[in-house]
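Worksheet: one structure, shown below.
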Amino acid sequence: MQTEHQNPLFETPEAAGQPSVRILAIGNAGDALLGALNPAEFAGAEFAAINTDAAALAASVAPVKIHLENKLFRGLGSGGDPDRAKALAEEQFSTLKSACAGANVVFILAGLGGGAGSGICPILAKAAHEAGALVLAFVTLPFECEGNRREAQAQAALEQLKAAADGVICLPSQKIFKLIDENSTLVETFRVTGGFLLEGVRGVWSLLTRPGLIQVHFGDLCGLIRDRHAENAFAFVEASGPGRAREVAEKILNHPLLDEGRALAESDAVLVSLTAGKDLTMAEISRVMEQVKHQCVHAQVIMGAAVDAGLKEKLCVTVIAARANARPAHVSPRAESHGLAPAAAPPHREPALSRQRKRGAGTKPVQGQLPLTIISKGRFDKSEPTLHRGEDLDIPTFIRRGIALN
Amino acid sequence: MFDDSNIIAGLEIGTSKICVVVGEQNAEGALNIIGLGQSRSNGVRKGEIINPEQVEEDLRHALFEAEQMADVEIRSVYLGVSGGHIRGFNNRGVHPVVSADREISPDDVEDVVKNAKAINLPAENTIINHVRQHFFVDGQDGVTNPVGMLGARLEVDMHVIHGNANRLQNAVRLVRATSLEVEDVVFNGIAMSLALLTSEQKELGALVIDIGGGTTEYVAYSDGIIRHSGVLAVGGDHVSSDLAIGLKVSLTRAHKLKLEHGTALPTEAAKDQTLSLTNELGLELKRVNVGHLQRIMALRLEEIFQLIAQDLEAAGLTDYLRAGVFLCGGTSRVPGIVPLAENVFQMNVTPGHTTAISGLTAALDQPEFATGIGLLKYGSLRQRKHLARPSLVSGIKGVFGKLLPRS
C-alpha cells in the first residue's frame with residue numbers, strides 16, 4: 001500500500017498535516033458500527049472491513065473489504081468460535097499487517113464476544129503495532145442476555161486486546177441497556193449502543209485531526225488510556241446556543257456513561273477536548289473546565305480545545321476519564337462459571353463499584369464517619385455542645401488533638 | 001445609715017459562684033466598696049441557668065451575706081450576663097447632614113446613633129449593650145464628638161453585643177423573683193474591662209480575658225474604645241472535666257486535683273511523678289500521674305488562648321494591643337498561666353488588678369471579683385450620668401440603652 005512510516009507519532013504527519021488514520025471494522029458488529037459512521041465526518045480516514053463471513057462482508061458498505069478465509073470455513077465465518085478466528089488471523093497475519101501499513105493510527109471497531117471480533121482483534125492490534133501504527137480499539141461488550149459463553153469470550157478477548165493495543169475504549173452494552181427505554185426495538189437498541197461508541201470514535205477523531213488551539217497530543221491520549229483502560233469511561237456531548245457551556249457541563253455531569261459524574265470523581269486522569277465553531281470563547285472553556293475540575297479533584301486533567309468552522313454554533317466536548325486499575329484484570333473463575341459480570345469489567349458493576357470505592361478513597365462527597373469509640377463529654381454530656389468552627393470544645397482538648405498520655 | 005440612692009450593687013450569676021458586690025457612691029461620685037457576698041453556684045452551667053430554683057436559693061445566700069457585711073438593704077442590682085449565645089459585632093450607621101449651614105447638631109448625632117443601632121438580628125436575639133465607637137465626618141476618622149463640626153455625611157461605628165432574649169430574660173426574671181429590681185443588664189466582658197483597665201490602657205490597646213468557671217469572655221480595646229468582644233463557653237469547668245476523663249477520677253476529685261496540683265506549664269520534674277489518691281479512711285484508691293495532669297490542663301488552657309488569639313487575628317487587632325493582655329477570673333489563678341498566655345499571644349500578659357476603686361482590699365485583689373466590681377463601676381457611671389453631670393461621664397465612652405422593659 002503506502003510507504004511505511006517508522007515513526008508513527010503524530011508530530012511527523014503526512015503532507016496534510018494530519019496523521020493518517022485507518023478505521024478497521026472487524027466482524028459483523030464492527031461492520032454494523034462502520035455502517036453507522038458518517039464517512040463525511042471522517043474526511044481523510046480510510047475505512048476497511050475485515051470479516052470471516054463472506055455474505056456479511058459482501059453486504060458491508062466499507063470501500064475496502066478483507067476476507068479472511070480458509071477452506072475449513074467454507075465462507076460461513078468462524079461460527080462464533082474465537083479460537084478458530086484467531087488461528088485464521090494468525091495464519092493471515094501478513095494480510096492484516098499490510099492492511100495497516102502506512103497508517104499512523106489504526107482505530108479498531110468491533111463487538112467482542114463473537115468469533116471474528118474476539119478472535120481477530122487482538123491479532124490485528126498486534127499486526128498494526130508491528131506495521132508501525134498506534135492502535136486504538138473501540139469495542140462493545142455483549143449484553144448479559146447473550147449468554148455466559150459470549151461474556152467469557154468477550155472478557156478474554158478484552159484482556160488480549162488490552163495487551164496488544166495502545167488503548168482500548170470499551171463500552172459495555174449492558175450499561176446502555178439499562179438506560180434505554182424498555183419498549184425500544186432491537187434495531188434501535190443496537191443503534192443506540194453503537195451510537196454511544198461512535199460518539200467516542202468521533203470525539204477521539206476530532207481530537208486528533210482538528211487544528212487544536214490547545215493541542216492534545218496523541219501521546220497524551222495514549223498515555224492516558226494505556227494501562228488504565230479497564231476502568232475508563234468516555235462521554236461525548238454537544239450543545240448549541242447561548243448557554244451551551246453550561247449545558248455541556250451539565251450534560252457531562254449527568255452523562256450515563258460517566259455514572260452521572262461519579263466516574264469523574266474517581267478517575268485519576270481525565271482528558272477533556274472541546275471543539276466548537278470560531279465563536280468559542282475562553283470563558284466557555286473555563287466554565288466547562290471548572291465544572292470538570294470541580295468534579296475530579298484527584299485527577300490529572302488534560303485539556304484540549306479546537307476550532308472547527310463547520311460546527312457553527314455547536315460546542316462538542318469529549319471526556320475520557322481513566323482510573324488506574326488497582327486490581328489485576330482477570331476473569332474470575334466464579335464469574336466465568338456463573339456467567340456473572342467479571343470483576344475486572346467496569347461495565348455492569350460500575351455503579352456499585354464506585355460507591356464502594358467512594359468510601360475508601362477521599363473522593364468528593366465524602367461521608368463523615370462516626371468515631372468508633374464514644375468520647376465522653378463528662379459533665380457536659382447533657383448540655384448544649386460548645387461548637388467552635390465545627391469542633392466540639394466540650395470534648396477534652398487532648399482527645400481532640402489525639403495526644404496519647406502514655 | 002446610708003442614703004439608699006447612693007447604694008449600688010452588682011450581681012454576677014456565674015458558673016462556679018454567685019457574687020454580689022455592694023458599693024457606695026459619695027457626693028463626688030467616688031465609689032467605695034462596702035460589702036461582698038458570695039455563694040457557690042450549683043444551678044448554672046457554661047454561664048447559663050439550668051436550674052432556676054437552685055440558683056434562686058444560692059442567690060439569696062449571697063445577697064444575705066452582702067447585706068450583712070454592708071449593713072444596707074439592696075433594692076436593685078446591675079446584672080452581669082454571659083453565655084455562649086452572646087456575640088459582639090461592629091455596625092456602622094450613616095446620616096446625611098441636611099441643615100443649610102452643614103453644621104452637625106446634637107440631633108444629627110442622635111439620628112446617626114439611632115441608625116447604627118438599627119441592625120438585623122436573629123428574631124430570638126436582643127441587644128444587650130451597644131457601645132459607641134468613633135464618629136466619621138465626611139470620612140474623617142477618629143472624631144469623638146462631632147457636634148459643631150461642619151460636614152455633609154456623619155457616620156458612627158457601634159459595637160453591638162447581643163444574645164438570646166429568652167436566656168437573658170431567665171436571669172432577669174430570677175433576680176426579680178427575689179424582689180430585687182434589675183437596673184440594667186450588662187455583658188460581663190464590658191463590666192470586667194471597666195474594673196481592670198485604666199483609660200490609658202484602653203487608649204494604648206488592651207485585651208481583657210476573664211476565664212471563669214463555665215465561660216471565657218474577652219474584650220479588646222484600642223484607641224479608647226471597644227473594638228471586639230466575644231464569649232467562649234469554655235472555662236475552669238472544662239479543665240476539671242478533662243482531668244476527670246483523662247485521669248479517670250470523679251469530677252469532685254478532679255476539681256480538687258486541679259486546685260492542689262494544677263499548673264498551666266508542665267514541668268519536667270513532674271513528668272514521672274505520681275500522686276496517690278486516698279479515700280476518707282486514708283486507704284489508697286489509685287495513683288495518678290502528675291505529668292498527665294499537667295499536660296491535660298496545659299492543653300486545655302493553651303487552646304482557650306489560641307482560640308481567642310485566632311479570633312483577634314481574624315479581627316485584625318493583634319497589632320493594636322500595645323498595653324498587652326489582662327487576665328482575670330478564677331481560672332487565672334492557675335500557676336503558670338501568665339507565661340502560657342505570653343507564649344500564645346506573644347505580648348505582655350498581666351494578671352488583672354482592679355483599679356480606681358477604694359474599699360475592701362480583700363475584694364479588690366481577687367481576680368474572681370473583677371466582674372462584680374466592674375458591674376458596680378458601670379452602675380456608678382450610669383447613675384452619675386443620670387445626675388446630669390456630663391463632665392464625669394467622659395470616663396465611659398458608651399451609650400447604654402435600656403435593654404429590658406421595666407415592669
Side-chain angles (χ1 to χ4, degrees), chain A residues 243 246 249 253 264-265 283 286-287 289-299 301 358-406, chain B residues 15 44-51 83-85 164 167 213-216 230-252 254-255 266 271-272 288-308 310-311 314:
Chain A
R246 191 175 42 79
L253 299 187
L264 284 181
S286 81
R287 180 167 225 166
M289 292 311 293
E290 211 168 273
Q291 286 292 322
V292 173
K293 272 189 196 147
H294 190 68
Q295 200 67 25
C296 43
V297 221
H298 305 286
V301 180
K358 202 151 283 177
R359 246 167 263 153
T363 44
K364 266 211 94 205
V366 183
Q367 180 165 5
Q369 287 191 343
L370 288 170
L372 287 174
T373 50
I374 293 159
I375 296 166
S376 161
K377 298 203 285 177
R379 181 172 163 81
F380 307 106
D381 246 355
K382 298 275 187 303
S383 67
E384 189 184 358
T386 310
L387 294 175
H388 187 272
R389 295 188 189 138
E391 249 185 321
D392 188 350
L393 297 181
D394 290 340
I395 298 167
T397 317
F398 73 96
I399 291 179
R400 266 180 290 126
R401 297 196 178 172
I403 292 166
L405 287 174
N406 291 310
Chain B
T15 311
V44 182
R45 193 131 312 160
K46 293 188 200 169
E48 291 169 38
I49 293 163
I50 55 163
N51 182 351
H85 58 96
N164 185 304
R167 298 187 197 185
T215 55
T216 298
V231 184
L232 281 177
V234 180
D237 258 10
H238 284 79
V239 177
S240 302
S241 166
D242 288 4
L243 289 177
I245 293 169
L247 302 175
K248 299 184 177 66
V249 293
S250 70
L251 199 66
T252 7
H255 185 69
K271 215 170 168 195
D272 299 313
V288 295
N289 187 315
V290 183
H292 294 173
L293 182 150
Q294 295 184 343
R295 277 182 70 197
I296 293 170
M297 275 189 81
L299 283 166
R300 172 62 84 175
L301 294 171
E302 188 186 43
E303 187 190 51
I304 294 176
F305 289 135
Q306 281 168 348
L307 292 175
I308 297 173
Q310 280 167 17
D311 193 24

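Only heavy atoms go into these numbers, but all of them, side chains included; no hydrogens, no water, no symmetry mates. Chain naming here is simple, since letters A, B, ... match the order of the sequence lines and numbering starts at 1 in each.
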Considering only heavy atoms from C-beta outward, does the side chain of B:H238 approach that of A:D394 to under 4.5 Å?
yes
Let me know if B:A233 has heavy atoms under 4.5 Å from chain A in its side chain, its backbone, both or neither.
both
Picking from B:I50, B:V234, B:D242, B:L251, which has the most non-hydrogen pairs under 4.5 angstrom with chain A?
B:D242
Chain A contact via B:I304 - side chain, backbone, both or neither, heavy atoms under 4.5 Å:
neither
B:L307 side chain reached by A:L393 side chain, heavy atoms, under 4.5 Å:
yes
Heavy atoms of other groups near A:R400 CZ, more than 12 under 6.0 Å:
yes
Identified side chain to side chain contact (heavy atoms under 4.5 Å, CB included) partner of A:P396 from the options B:I296, B:L299, B:I245:
B:I245
A:T397: which of B:E302, B:Q306, B:R300 passes side chain to side chain contact (heavy atoms under 4.5 Å, CB included):
B:R300
Under a 4.5 Å cutoff for heavy-atom pairs, which residue among B:V239, B:L232, B:D237 has the most contacts with chain A?
B:D237
